[in-house]
Amino acid sequence: MDPDFFRFSSFEIKPNLPKGIMNIVSPKGSEYGVGELLGETEEFRLYECVLPDGSPGILKIATTPGHNGVLDREAFILDILRKEAVAVEAEYARVKPDSKKKLNYAFNFPSLVESFISPEQEGRRVLIVHFHEISKELADLAPLGHLASREHVRVDARTSAWILGKLLKILVFAHSLGITFVTIDGDNILINREEHYVALFDWSKAIRTSRGQRPPSAATRGDIESVAREVVLALGGNPATATIPDDPDLPDEYRDIVLSIANGGFED
């Protein structure tokens with residue numbers, strides 16, 4: 001597996017650890033094979049894992065029981081997202097019975113497999129997720145921030161447009177549920193370039209207002225601004241100076257609107 005896969009800026013990556021397999025069994029009796037450590041924060045660690053059906057997944061485990069609440073909240077938010085995605089898809093199919101198009105909101109975030117407290121792991125919370133809808137292998141996904149950080153490598157205008165469009169679609173969906181990040185960096189934006197999928201990986205810092213209430217405008221503006229800033233970086237630009245390198249395939253109108261979004265021009 002590419003050790004750059006989870007090169008999140010807030011994670012300490014340990015790519016050279018041995019891949020010794022251990023098993024964690026959930027209270028439901030599901031057994032997960034745990035592999036290589038992918039990265040860690042002060043609050044949780046990330047591991048490759050094998051789901052009971054043999055498919056790949058990701059295991060998050062709190063570093064201490066005192067951090068269980070972080071993963072508990074993430075599981076809660078992922079559950080809300082999934083249920084709403086299913087409901088919206090069903091409603092769309094009802095009103096558009098002849099359409100072959102699907103909304104696919106469920107593709108934009110991890111699928112929660114299980115969340116539980118593990119007595120064998122000192123009472124720490126474990127979260128199991130996967131991205132089966134958008135990738136067969138974890139290595140098919142790459143953080144946008146990693147692509148943008150490579151010297152002399154940048155995405156083309158058309159690619160940047162579909163990335164930005166999909167990110168804004170994710171935010172429209174999350175904000176409609178009162179869920180915001182306030183800020184999103186390029187290491188949390190996963191891209192499957194072959195299949196043209198975009199997803200946000202880590203929802204542990206996301207917050208939710210009471211259902212039915214609009215999130216604060218500062219929070220929604222922060223989300224929108226931060227994803228546009230990452231697209232500017234992916235184009236080889238500099239959000240701080242509001243510049244994007246000249247490109248004959250980059251229309252001036254598109255350049256202007258991306259820079260406007262990246263500089264806080266929109267709150268919804």
Side-chain angles (χ1 to χ4, degrees), residues 8-10 69-96 101-112 115 127 129 131 133-134 141 143-145 160-192 196-234 239 254 256-268:
F8 296 102
S9 58
S10 57
V70 173
L71 297 188
D72 191 31
R73 179 180 62 196
E74 183 174 21
F76 173 70
I77 287 177
L78 290 178
D79 185 57
I80 290 172
L81 291 167
R82 175 66 55 170
K83 288 178 178 177
E84 184 67 14
V86 170
V88 169
E89 200 72 72
E91 177 62 14
Y92 184 77
R94 186 186 69 80
V95 300
K96 298 281 189 178
K101 180 182 177 181
K102 292 188 176 182
L103 300 177
N104 293 331
Y105 283 114
F107 291 13
N108 301 142
F109 48 84
S111 178
L112 177 65
S115 174
L127 215 63
V129 300
F131 281 101
E133 290 94 343
I134 64 172
L141 302 172
L144 178 61
S160 77
W162 74 254
I163 291 174
L164 181 58
K166 287 180 179 291
L167 287 170
L168 294 177
K169 174 185 175 181
I170 297 172
L171 294 184
V172 167
F173 182 66
H175 292 171
S176 73
L177 297 172
I179 298 170
T180 56
F181 286 83
V182 181
T183 184
I184 302 168
D185 66 35
D187 296 326
N188 198 23
I189 300 169
L190 299 184
I191 308 294
N192 184 327
H196 296 122
Y197 290 125
V198 178
L200 295 179
F201 170 65
D202 182 31
W203 294 74
S204 64
K205 293 294 191 296
I207 56 177
R208 187 180 188 236
T209 60
S210 299
R211 184 168 177 79
Q213 292 186 356
R214 176 180 169 80
S217 59
T220 57
R221 188 189 302 276
D223 283 354
I224 295 167
E225 178 181 344
S226 60
V227 298
R229 289 172 67 87
E230 295 304 325
V231 170
V232 171
L233 289 171
Y254 176 63
D256 293 344
I257 195 168
V258 172
L259 290 173
S260 176
I261 298 172
N263 282 280
F266 297 86
E267 68 179 45
D268 61 32

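All values below were derived from every heavy atom in this structure, side-chain atoms included, with hydrogens, water molecules and symmetry-related copies excluded.
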Task: Minimum heavy-atom distance Asp223-Thr183, with the two atoms named - done: OD1-N, 3.7 Å
Open item on the list: Using every non-hydrogen atom in the two residues, find where Pro215 and Gly178 come nearest and quote the distance to one decimal.
Closed with: CG-CA, 3.7 Å
- [ ] Please name the pair of heavy atoms, one in Ile261 and one in Ala228, separated by the smallest distance, quoted to 0.1 Å.
- [x] CG2-CB, 3.3 Å
Task: Quiz item: cation-pi between Lys169 and Tyr105, 6.0 Å / 45° - done: yes
Open item on the list: Can you confirm whether Phe76 is buried at CZ, in the sense that more than 12 heavy atoms of other residues, nucleotides or ligands lie under 6.0 Å from that atom?
Closed with: no
Open item on the list: Would you say that Pro143 contacts Ile189 through its side chain, given a criterion of any heavy-atom pair below 4.5 Å between the two side chains?
Closed with: no
Task: Ala262 to Glu225 - nearest heavy-atom pair and separation - done: O-CG, 3.0 Å
Task: Distance in Å, Ile179 CD1 paired with Glu84 CD, rounded so as to fall on 0.5 Å steps - done: 9.0 Å
TODO: Indicate yes or no for a side-chain donor-acceptor contact from Tyr197 to the backbone of Asn108 under 3.5 Å, with no hydrogens or angles considered.
DONE: no
Task: Donor-acceptor pair, side chain of Asn192 and main chain of Ile134, under 3.5 angstrom - done: yes
Task: Nearest atoms (heavy-atom pairs only) where Ala106 meets Ala85 - done: N-CB, 3.7 Å
Task: Closest approach of Phe181 to Asp202 (non-hydrogen atoms, all atoms of both residues) - done: CE2-O, 3.4 Å
Open item on the list: Between Arg208 and Ile77 (side chain of the first, backbone of the second, donor and acceptor by atom type, cut-off under 3.5 Å), is there such a pair?
Closed with: no
Task: Ion pair check, Asp268 and Arg214, cut-off under 4.0 Å - done: yes
- [ ] Taking the side chain as every heavy atom from C-beta outward, state whether Phe131 and Phe107 have any atom pair closer than 4.5 Å.
- [x] no
TODO: Please answer whether the main-chain N or O of Ala75 pairs with a side-chain N or O of Asp79 as donor and acceptor at a distance below 3.5 Å.
DONE: no
Open item on the list: So that I can tick it off, tell me whether Glu89 and Arg82 are bridged by a salt bridge, with the cut-off set at under 4.0 angstrom between side-chain N and carboxylate O.
Closed with: no
Open item on the list: Once you measure the plane-to-plane angle for Phe173 and Phe109, does it fall in the parallel (<30°), tilted (30-60°) or perpendicular (>60°) bin?
Closed with: parallel
Open item on the list: Counting C-beta onward and ignoring hydrogens, is there a side-chain heavy-atom pair between Leu200 and Leu190 closer than 4.5 Å?
Closed with: no
